[in-house]
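Structure record follows, encoded as structure tokens.
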Amino acid sequence: MAHDPHYGPRTVEEVLALGEDRGGRRESTGEAPLTSPAPGFTHQRASSRLWSLLDSAVQAAGVSAEVPESVNAVLPDGLFIPDLVVVEAAAAAENPVTCDADAVFLVVEIVSPSSSGRRTDRLPKPPYYAEDGIEHPWRLEREPVPALVVPEPRDGHYVERLVAEAGRETAVEGPFPLKLDPGALVAPRR
């Protein structure tokens, strides 16, 4: 493990210059750094399964979009790495490292079970997404029971519109129609 002698805030450019780090994530709000370890099995299982549903929904809708996992989303006041993003294909082809908020159809945050992860995914990220015009910021809660929270923008912030609960298949209309059961996203295979 390399030691990083830097102390204090970093700009978006400085964070991006650090390069890829398969062991963790480096994000920033303003110039305040946010770091987190690589996600565990339940998180990866949910991400993989939701990616598959979203990719199929994007293709069925005939939209020219990519569905990358853990990509750098650059906002005017920060750099976030949502667990999943649906982004315009042209934007993904133009810059293979980052995407700007105006090219984003949807972001998905899969809430970490740690207290700091829960705070980060629920509190600082949504206001930045709202401010930058991201209309569809989904949040997959894993605890106490799996649930997908689908908000809608209203007056510069988000209001919960739909909560899909575990054990029940729910139709989610936007931005790409699909049906899902949050419990099936996180359940281990038997």
Quiz prompt | Full working for side-chain contact (heavy atoms from CB on, under 4.5 Å) between V58 and V86 | solution = CA-CA 8 Å; V58 166; V86 179; 3.8 Å; yes

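Here A89 pairs with S64, E66 under the side chain to side chain contact (heavy atoms under 4.5 Å, CB included) rule; sequence neighbours left out. Scored by the side-chain hydrogen bond (donor to acceptor under 3.5 Å, both in side chains) test, S47 finds E69 as partners (sequence neighbours excluded). Take E152 and apply the side chain to side chain contact (heavy atoms under 4.5 Å, CB included) test, not counting sequence neighbours, and it matches R154, R161. Partners of Q59 under the side-chain hydrogen bond (donor to acceptor under 3.5 Å, both in side chains) rule, at least two apart in sequence or in another chain, are D55. By the side chain to side chain contact (heavy atoms under 4.5 Å, CB included) test, A60 is found to be paired with no residue, residues two or more places apart in sequence or in another chain being considered.
At least one donor-acceptor pair under 3.5 Å links the side chain of S56 to the backbone N or O of S52. Of the possible donor and acceptor atoms, one in the side chain of R49 sits under 3.5 Å from a partner among the backbone N and O of A187. Side-chain N or O atoms of R139 include none that pairs as donor or acceptor with a backbone N or O of E109 at under 3.5 Å.
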Return a table of donor-acceptor pairs under 3.5 angstrom between the side chains of residues 144-151 and protein atoms on other chains or two or more places apart.
none

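Inter-residue side-chain proximity for P175 and E135 is flagged as unmet; no heavy-atom pair is nearer than 4.5 Å. The shortest distance between side-chain heavy atoms of D132 and V104 does not fall below 4.5 Å.
To the nearest 0.5 Å, atoms CG (L185) and OG (S48) are separated by 10.0 Å.
Each ring-ring contact (aromatic ring centres under 6.0 Å, His included) pair with one or both residues in residues 145-165, not counting sequence neighbours, would appear here, but there are none. Listed by first then second residue, pairs satisfying salt bridge (Lys or Arg N to Asp or Glu O under 4.0 Å) with a partner in residues 168-187 read E165-R168, not counting sequence neighbours. Among pairs with a residue in residues 161-188, those fulfilling ring-ring contact (aromatic ring centres under 6.0 Å, His included) read F105-F176, at least two apart in sequence or across chains. For residues 57-77, there are no ring-ring contact (aromatic ring centres under 6.0 Å, His included) pairs, not counting sequence neighbours.
Under the 4.5 Å side-chain heavy-atom criterion for Ile, Leu, Val, Met, Phe, Trp and Tyr, V63 and L84 are members of the same hydrophobic cluster.
Scanning both residues, A130 and G156, for their nearest heavy atoms gives CB-O, 3.5 Å. Across every non-hydrogen atom of L53 and L178, the tightest pair is O-CD2, 4.1 Å. Taking all atoms of both residues into account, the shortest heavy-atom contact from H136 to L106 is O-CD1, 3.0 Å. When all heavy atoms of A171 and L162 are compared, the closest pair comes out as O-CD2, 3.9 Å. In this structure, D83 and I110 approach most closely via the heavy-atom pair OD2-N, 2.6 Å.
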